[in-house]
There are 2 protein chains.
Amino acid sequence: MEITNDNNPDFFRTQCIVHNLKITPQRILIYNELTGAKNHPTVDNIYRSLHEKYPNISFDTVNRTLLTFYDIGLVDIIESPGSQRRFDPNKENHHHLHCIKCGKIIDFTSSELDALSIPLEVGKHFKVLQKRVVINGICEDCQKKTAGL
Amino acid sequence: MEITNDNNPDFFRTQCIVHNLKITPQRILIYNELTGAKNHPTVDNIYRSLHEKYPNISFDTVNRTLLTFYDIGLVDIIESPGSQRRFDPNKENHHHLHCIKCGKIIDFTSSELDALSIPLEVGKHFKVLQKRVVINGICEDCQKKTAGL
DNA sequence: TTGACAAATAAGAATTATTCCTATATAATA
DNA sequence: TATTATATAGGAATAATTCTTATTTGTCAA
Ligand SMILES: [Mn+2]
Ligand SMILES: [Mn+2]
Ligand SMILES: [Zn+2]
Ligand SMILES: [Zn+2]
């Protein structure tokens, strides 16, 4: 199943206006690249894709813009085991598989897991905004690669 | 509740021997520091603590040793939203609260969550090694800080 | 439609995090 | 105790992120 992210130009414009952000060509490009992205791009992923078509865009603009999008809730910054910050344009409830070999982070959905209940004690001390199941393991590709050992 | 990590010198020695690692003073120091650590230290956290008492220890040794410990399964590298790699000496089944304000990662336990079942479809394509619930939100301290706004 | 201005950008420098290099030291073994 | 493979310290190199500043641009009021 292919996951496609929402790309709603009107929503984007509205969010920018609500948060007093100017609607610049760079922001539009980055928003489109992001919503078109599979997986969970790093700043560098987005920068490189855009830089091919628009050689003048700067890395810093991509980075700053992605952080701004995070601030206004347009994108998530997801958990990963170090290295580079990774963004998730998919704000829907979903869960993650982390491959410990290649670092890939794969989405999966489960209404059962969406509904899991958090201990009461936790809710008393911690304001819960999002919950997700994170599974560590080895992806299909990496299993195949080491099959011959 | 205070979480204390196992510090079992015999276990440590055995693990080193099994994996053909020399038992060096540095490795012992790092192992002890790690098992004494609350929360989820970065390389720099461990390095700084040790460096106060042992000014000759090098950052690279701490970093390399922690990665070695990860390789032999003595410690986990945990999910975090970028910045620095974080280690978890607690290999028991447990779950995490991520504070999006201060970056703190807090442990909690729940036998109910330990037992959650993963969709069959996932297991077919992905070799599951560990599963954990990761909750994003705002910790008690950070809630207090912004209470006056 | 135009001008003023606050906000955003590009480019490169600076900072921070991690890894690599290599000469020296040392734990393990015989 | 001598040998040797492994590990370490220290510093250099690389990678990731953020900052600085001169310039440009989107927005809005006139
Ligand atoms: Mn995702
Ligand atoms: Mn933990
Ligand atoms: Zn993989
Ligand atoms: Zn906090």
Side-chain angles (χ1 to χ4, degrees), chain A residues 9 12-33 40-72 74-75 77-87 103, chain B residues 9 12-33 40-72 74-75 77-87 103:
Chain A
F12 175 67
R13 295 182 67 86
T14 306
Q15 287 304 104
C16 284
I17 291 166
V18 166
H19 293 94
N20 292 307
L21 298 180
K22 291 180 179 174
I23 297 165
T24 66
Q26 290 88 342
R27 282 181 176 150
I28 293 167
L29 287 172
I30 293 165
Y31 178 73
N32 289 339
E33 190 66 29
H40 302 89
T42 63
V43 178
D44 202 52
N45 292 154
I46 300 285
Y47 170 68
R48 281 171 193 264
S49 317
L50 289 178
H51 189 254
E52 286 181 17
K53 290 188 186 173
Y54 312 94
N56 285 329
I57 201 164
S58 80
F59 182 89
D60 184 55
T61 294
V62 176
N63 184 54
R64 188 170 17 77
T65 299
L66 288 170
L67 291 175
T68 302
F69 287 174
Y70 171 72
D71 287 340
I72 67 170
L74 219 50
V75 65
I77 292 175
I78 61 168
E79 77 294 334
S80 83
S83 61
Q84 282 149 288
R85 189 179 282 136
R86 299 185 72 167
F87 294 86
Chain B
F12 175 66
R13 295 182 66 86
T14 306
Q15 287 304 103
C16 285
I17 291 166
V18 166
H19 292 94
N20 293 307
L21 298 180
K22 291 180 178 174
I23 298 165
T24 66
Q26 291 88 342
R27 281 181 177 151
I28 293 167
L29 286 171
I30 293 164
Y31 178 72
N32 289 339
E33 190 65 29
H40 301 92
T42 62
V43 178
D44 203 52
N45 292 154
I46 301 285
Y47 170 68
R48 281 170 193 264
S49 319
L50 289 178
H51 190 254
E52 287 181 16
K53 290 187 185 175
Y54 312 94
N56 285 329
I57 202 165
S58 80
F59 182 90
D60 185 53
T61 294
V62 176
N63 184 54
R64 187 170 19 75
T65 300
L66 288 170
L67 291 175
T68 302
F69 287 174
Y70 170 72
D71 287 339
I72 68 170
L74 219 50
V75 65
I77 292 174
I78 61 167
E79 78 294 332
S80 82
S83 62
Q84 282 150 290
R85 189 179 281 136
R86 301 186 72 167
F87 295 86

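Lettering follows sequence order; numbering is per chain, from 1. All of these numbers come straight from a predicted model, not from anything done at the bench.
- B/Y47 has its ring centre no less than 6.0 Å from the ring centre of B/Y54.
- Look at CG on B/L29: it is 16 Å from P on D/dA7, rounded to the nearest Å.
- If you measure from atom OH of B/Y47 to atom P of D/dG11, you get 10 Å, rounded to the nearest angstrom.
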Nucleic acid footprint by protein, nucleotides 15-27 of chain D - heavy-atom cut-off 4.0 Å, B for base, S for sugar-phosphate alone: -SBBBB-----BS

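- At whole-Å resolution of the value, CG in A/L66 and C1' in C/dA8 are 15 Å apart.
- In this structure, B/Y31 and B/F12 have parallel ring planes: the angle between them is below the 30° cut-off, well short of the 60° mark.
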Pair A/T42-A/N45, side chain to side chain donor-acceptor pair (under 3.5 Å): steps then yes or no: CA-CA 5 Å; A/T42 63; A/N45 292 154; 3.1 Å; yes

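- For B/R64 and D/dT8, the shortest distance from a side-chain N or O to OP1 or OP2 is below 4.0 Å.
- The distance from atom OH of A/Y54 to atom C1' of C/dA10 is 17 Å, rounded to the nearest whole Å.
- For the pair B/N56/B/H51, no side-chain contact is recorded, criterion being any heavy-atom separation below 4.5 Å from C-beta on.
- Using a distance-only test at 3.5 Å, with no hydrogens or angles considered, no donor-acceptor pair links the side chain of B/T61 to the main chain of B/I57.
- The distance between atom NE2 of B/H19 and atom C1' of D/dT6, rounded to the nearest whole Å, is 17 Å.
- Nucleotide D/dA7 holds its P atom 12 Å from the CD1 atom of B/I30, rounded to whole Å.
- The interatomic distance linking A/N20 (CG) with C/dA8 (C1') rounds to 14 Å, in whole Å.
- A straight line from CZ of B/R48 to C1' of C/dT16 spans 11 Å, rounded to a whole angstrom.
- The shortest side-chain heavy-atom distance between B/E79 and B/R86 does not fall under the 4.5 Å cut-off.
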